Amino acid sequence: MCSAEREISIDGSHYSVSSGILPSLGAKSCRVVKLRRFIISPYDKRYRAWETFLIVLVAYTAWVSPFEIGFLDRPTGALAICDNLVNGFFIIDIIVTFFVAYLDRSTFLLVDSRKDIAWKYARSWLFLDFVSSVPSELARIILPHQLRSYGFLNMLRLWRLRRVSALFARLEKDVNFNYFYVRVTKLTCVTLFVVHFAGCFFYLIGTKYPDPNQNMVALAVPNYHEQSLWVRYVTTIYWSITTLTTVGYGDLHAVNQRERIFVICFMIFNLGLTAYLIGNMTSLVVQMTGRTSKFRDTIQAASDFAHRNQLPDYLQDQMLAHLCLKFRTDSEGLQQQETLDALPKAIRSSITHHLFYSTVQKVYLFHGVSSDLLFQLVSEMKAEYFPPREDVILQNEAPTDFYIVVTGSVDLIDYKNGSSQIVREAETGDLVGEIGVLCYRPQLFTVRTKRLSQLLRINRTTFLNIVQANICDGTIIMNNLLQHLKEQKNPVMEAVFREIEKILARGRLDLPLTLCFAAIRGDDLLLHQLLRRGLDPNESDNNGRTPLHIAASKGSMECVLLLLDYGADPNCKDSDGCVPIWDAILSKHEEVVKILADNGADILSGNMGHYACMAAQQNSLEILEAIVRYGGDVNIPKIDGTTALHLAVCEGNLQVVKFLVDHGAGIDKPDNHGWSPRELADQQSHEEIKALFKEKSQCADKSTSMTNSVSPRWRFSPQPSVNILSQESQMSPLEKGPVGKVHQRRKASFHNSLFGIMSAVHAVDSHSHQQHHNTPLRVTISCPERGDIFSKLVLLPGTLEELFYIGSQKFGFSPAKVLTKDGAEIEDINLIRDGDHLNLVTDSWKGHDYN
């Protein structure tokens with residue numbers, strides 16, 4: 001056998017109890033026990049058949065070993081061949097035992113580790129099993145002369161009788177066999193073995209006496225050496241059984257001293273054996289097997305009850321199977337729920353959380369609920385075992401509990417017009433009975449187990465009490481239920497879904513529902529029912545979203561009107577600063593937007609910068625037009641200074657850029673990092689946008705020149721003409737534009753005066769400071785590590801990380817350090833000046849030639 005798999009079930013008919021293992025509490029799946037390769041399950045049918053075959057060989061050993069001790073010097077012929085053949089089978093069993101998993105009595109789980117199996121066997125019966133299986137011929141060669149007695153080896157083979165004891169222990173629990181006859185058979189076998197062994201040993205003592213005529217056999221059978229083996233054997237058995245049952249009749253008695261000593265010991269032994277035979281039928285059966293007797297009495301009472309009341313066969317089977325399973329859990333020490341109930345609540349909650357939390361978390365009904373709710377639910381769950389084909393829930397019964405399938409599987413059966421239909425099969429992680437509990441209606445289906453199953457039971461009252469304290473989770477649970485029913489393709493489940501929707505519309509549910517739940521479903525009837533109960537129309541969920549936010553985003557005009565009529569705030573904000581009218585604009589529900597605007601909704605009360613930037617990022621000109629139409633300002637920046645125009649330029653959307661510029665967006669307005677829309681267009685080479693900006697700038701300059709006039713007293717005579725290139729090179733950085741363009745601005749020339757000199761110094765310092773903080777700097781970057789011969793002129797970003805990102809885009813590698821041309825590492829972006837030449841390198845760069 002390469003691996004063994006055994007299905008956990010009740011062996012045979014419904015009335016038998018196996019010694020098989022039960023799945024551990026909270027086990028993920030124990031329907032099939034999978035062992036390692038080449039490991040044999042002790043409950044495998046083929047291994048059980050092998051054990052039964054060995055019991056037959058043990059019975060042979062129990063008879064032939066004492067017989068050979070007393071009546072033969074050594075086995076010969078066919079008897080010797082049979083002995084060695086039997087020994088060979090037991091040697092094979094020793095080898096097989098090294099591959100048989102064993103049951104850990106502390107955890108009731110199978111141990112399939114080869115090392116653990118070998119160690120356990122070596123510490124227990126390996127030595128005796130091996131010695132008792134050594135062939136007599138081999139033992140005579142190996143052992144010293146003093147230990148070559150054939151009887152000594154046969155005595156060791158009687159060790160195999162322990163297998164018979166284990167067999168009877170298993171049969172006593174199997175209700176397929178009559179308990180009384182099993183016990184009588186066991187006691188009879190014990191008696192016969194004692195009689196046979198005593199007779200053979202008594203004959204051995206007599207024949208080994210120095211005077212062959214001074215023994216019990218010679219007294220009863222003169223010249224017994226000449227008699228047949230059968231006569232001598234019957235004579236000794238006659239003496240043994242009369243001595244065991246009485247004190248003997250006196251016709252056969254001990255003759256020599258050795259026989260007297262043996263008879264004395266045998267009579268004393270008979271006292272204990274007789275007490276065993278008599279007491280075992282009374283005290284042992286009543287006290288040591290009292291639970292088994294009680295179990296059998298319970299089974300008999302249940303059978304009588306079923307026959308007396310003429311119950312159907314399937315009900316009788318379910319009754320008896322459940323009682324059998326209960327006996328297994330009690331008799332094998334697996335009183336799990338009793339153990340948990342005896343512990344303090346804190347310890348019990350921790351144990352159930354460890355065992356069941358991961359299973360409950362995966363159930364569809366609890367997807368998205370808070371961990372607090374799950375922890376409370378798990379602490380109140382009860383684990384129960386159900387045998388195969390047992391009804392867990394009956395159709396149309398009161399919804400008191402629902403169940404989670406931990407192991408095994410169950411069928412959901414629908415009875416209609418006298419016929420039954422299996423709706424679906426629920427397996428590990430599925431829920432059964434939840435529809436009746438959540439909707440408080442009779443159970444829809446009969447739930448029947450298909451195999452031995454472990455279920456978690458949740459009481460309806462306890463469940464609702466926990467959910468009442470977690471109203472938001474109650475909404476999530478109801479949404480999960482409706483979504484699950486909606487996804488079912490079964491016609492029966494579709495009808496259930498429609499019926500539950502009608503119940504929801506009437507508001508007839510004990511499960512606490514919120515206005516947000518009704519708004520999500522767009523159910524104005526349920527919303528009206530909840531508002532009439534006095535629920536707060538401005539209640540919010542965990543994200544701060546109110547029912548009005550949800551109804552506006554879904555375009556539910558009836559729900560919006562209901563909420564406004566009951567006093568909902570049209571300008572309430574969620575955690576992102578969004579107001580309901582923005583949700584309606586974003587979802588393009590024009591009628592809802594008009595209703596909100598007519599009822600006092602103001603889009604400016606929300607996060608206006610976030611709205612405009614989102615619309616620009618989505619390239620939605622329609623949303624931007626709606627923002628402007630309802631009084632919004634598309635030029636308000638976000639917290640980081642980013643405006644909608646920045647994002648529109650990055651997206652390269654000319655229409656959106658033109659719309660924003662037409663509505664007053666500043667093309668030279670920088671964000672917090674110093675980037676203006678014009679600079680972004682230049683860097684990203686958006687030619688059409690650059691042309692648009694240039695046209696707008698020219699129009700602005702013309703407008704400025706027409707409206708501004710210069711006073712004559714401030715006019716000065718023109719300066720001597722100079723080369724324009726040299727003049728540009730002598731200009732201060734402030735006089736240059738962000739991309740090197742010369743500002744056409746004229747200044748008064750009084751540089752030679754004292755006032756002019758002081759003003760010039762102050763101007764240089766202030767201009768330098770202003771340039772560093774407001775005007776983007778231009779730097780040249782290169783990559784000496786890659787050997788690039790070309791450098792790149794770029795605008796200096798706000799952080800070193802952004803500079804590294806630009807370098808990775810330009811040169812195709814990930815720099816880690818920035819160095820000056822002289823090789824000094826720059827650790828702060830503020831140390832870089834306009835026009836610097838920077839080298840981007842990795843941490844492993846070791847070069848020194850930076851020139």
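Everything quoted here is computed from the prediction, not taken from an experiment.
Side chain of His663 to backbone of Leu660: no donor-acceptor contact under 3.5 angstrom is found. Within the 3.5 Å criterion, the main-chain N or O of Gly666 finds no donor-acceptor partner in the side chain of Asn635. Between the His686 side chain and the Glu651 main chain, no donor and acceptor come within less than 3.5 Å of each other. Remark: the backbone N or O of Thr546 is not paired with any side-chain donor or acceptor of Asn538 at under 3.5 angstrom. Asp836 contributes no side-chain N or O that, together with a main-chain N or O of Ile832, makes up a donor-acceptor pair within less than 3.5 Å. In terms of modelled atom types and a separation under 3.5 Å, the side chain of Ser556 and the main chain of Cys559 share no donor-acceptor contact. Within the 3.5 Å criterion, the main-chain N or O of Trp675 finds a donor-acceptor partner in the side chain of His646.
Nearest heavy atoms, Ser553 versus Ser587: O-OG, 3.0 Å. Considering every non-hydrogen atom in both Ala612 and Leu624, the closest pair reads O-CD2, 4.0 Å. Of all the heavy atoms in Ala551 and Ala519, the pair that sits closest is N-CB, 4.2 Å. Among all heavy-atom pairs drawn from Ala626 and Ile585, the shortest one is CB-CG2, 3.8 Å. Listed here is the closest heavy atom pair of Ser605 and Val579: OG-CG1, 3.7 Å. Across all their heavy atoms, Gly567 and Pro537 have their closest contact at C-CG, 4.2 Å.
Defined by atom type and a distance below 3.5 Å, a donor-acceptor pair is present between the side-chain atoms of Ser782 and Asn839. Side-chain contact of His353 with Ser350: a donor-acceptor pair under 3.5 Å is absent, judged by distance alone.
No more than 12 heavy atoms of other residues, nucleotides or ligands lie within 6.0 Å of NZ in Lys658, so this atom counts as exposed by the packing criterion. The 12-atom threshold is exceeded at CD of Glu625, counting heavy atoms of other residues, nucleotides or ligands nearer than 6.0 Å. Summarising the local packing, CD of Glu802 is surrounded by more than 12 heavy atoms from other residues, nucleotides or ligands at distances under 6.0 Å.
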>> Could you go through Ser676 and Glu679, starting from their C-alpha distance and side-chain angles, then the distance that decides it, and tell me whether this counts as side-chain contact (heavy atoms from CB on, under 4.5 Å)?
In response: CA-CA 5 Å; Ser676 67; Glu679 293 164 355; 3.3 Å; yes

>> Between Cys578 and His610, does the side-chain contact (heavy atoms from CB on, under 4.5 Å) criterion hold? Intermediate values first, please.
In response: CA-CA 9 Å; Cys578 297; His610 173 70; 4.1 Å; yes

> Do Trp582 and Ile623 pass the side-chain contact (heavy atoms from CB on, under 4.5 Å) test, and can you show the C-alpha distance, the side-chain angles, and the key distance before you say yes or no?
Replying inline: CA-CA 10 Å; Trp582 165 246; Ile623 295 178; 3.8 Å; yes

> Does the side-chain contact (heavy atoms from CB on, under 4.5 Å) test come out yes or no for Asn607 and Ile636, once each step is laid out?
Replying inline: CA-CA 9 Å; Asn607 189 349; Ile636 297 178; over 6 Å; no

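To the nearest 0.5 Å, atom OH of residue Tyr611 and atom CG of residue Leu586 are 10.0 Å apart. Distance check: Thr842 OG1 to Phe804 CZ gives 11.0 Å after rounding to the nearest 0.5 Å. Atoms NE2 and CD, from His367 and Gln483 in turn, are 12.0 Å apart once rounded to the nearest 0.5 Å. Note that CG of Leu621 is 6.5 Å distant from CD of Gln655, once rounded to the nearest 0.5 Å. Atoms CG and CD1, from Leu800 and Ile826 in turn, are 8.0 Å apart once rounded to the nearest 0.5 Å. Between Asn653 atom CG and Asn619 atom CG the span is 4.5 Å, to the nearest 0.5 Å.
Contact check for Leu548 versus Asp569: no side-chain heavy atoms found under the 4.5 Å cut-off. In this structure the side chain of Thr643 never reaches within 4.5 angstrom of the side chain of Cys613, judged on heavy atoms. You'll find the side chain of Val841 stays beyond 4.5 Å of the side chain of Val818, heavy atoms only. Looking only at side-chain heavy atoms (C-beta outward), Ser540 and Asp574 stay at 4.5 Å or farther from each other. Using a 4.5 Å heavy-atom threshold, the side chains of Val628 and Asp633 count as separate. Taking 4.5 Å as the limit, some side-chain heavy atom of Val360 sits within range of a side-chain heavy atom of Leu374. Using a 4.5 Å cut-off on side-chain heavy atoms (C-beta onward), Val779 and Leu795 make no contact. Taking the side chain as every heavy atom from C-beta outward, Lys669 and Pro637 approach each other to under 4.5 Å.
Taking 4.0 Å as the cut-off between side-chain N and carboxylate O, Asp583 and Arg545 count as a salt-bridged pair. Ion pairing between a basic and an acidic side chain is recognised when a charged N comes within 4.0 Å of a carboxylate O; Glu590 and Arg629 show such pairing.
The aromatic rings of Tyr364 and His484 lie parallel to each other, with less than 30° between the two planes, well short of the 60° mark.
Considering Leu377, Ile477, Val363 as possible partners of Val369, the one that fulfils the side chain to side chain contact (heavy atoms under 4.5 Å, CB included) test is Ile477.
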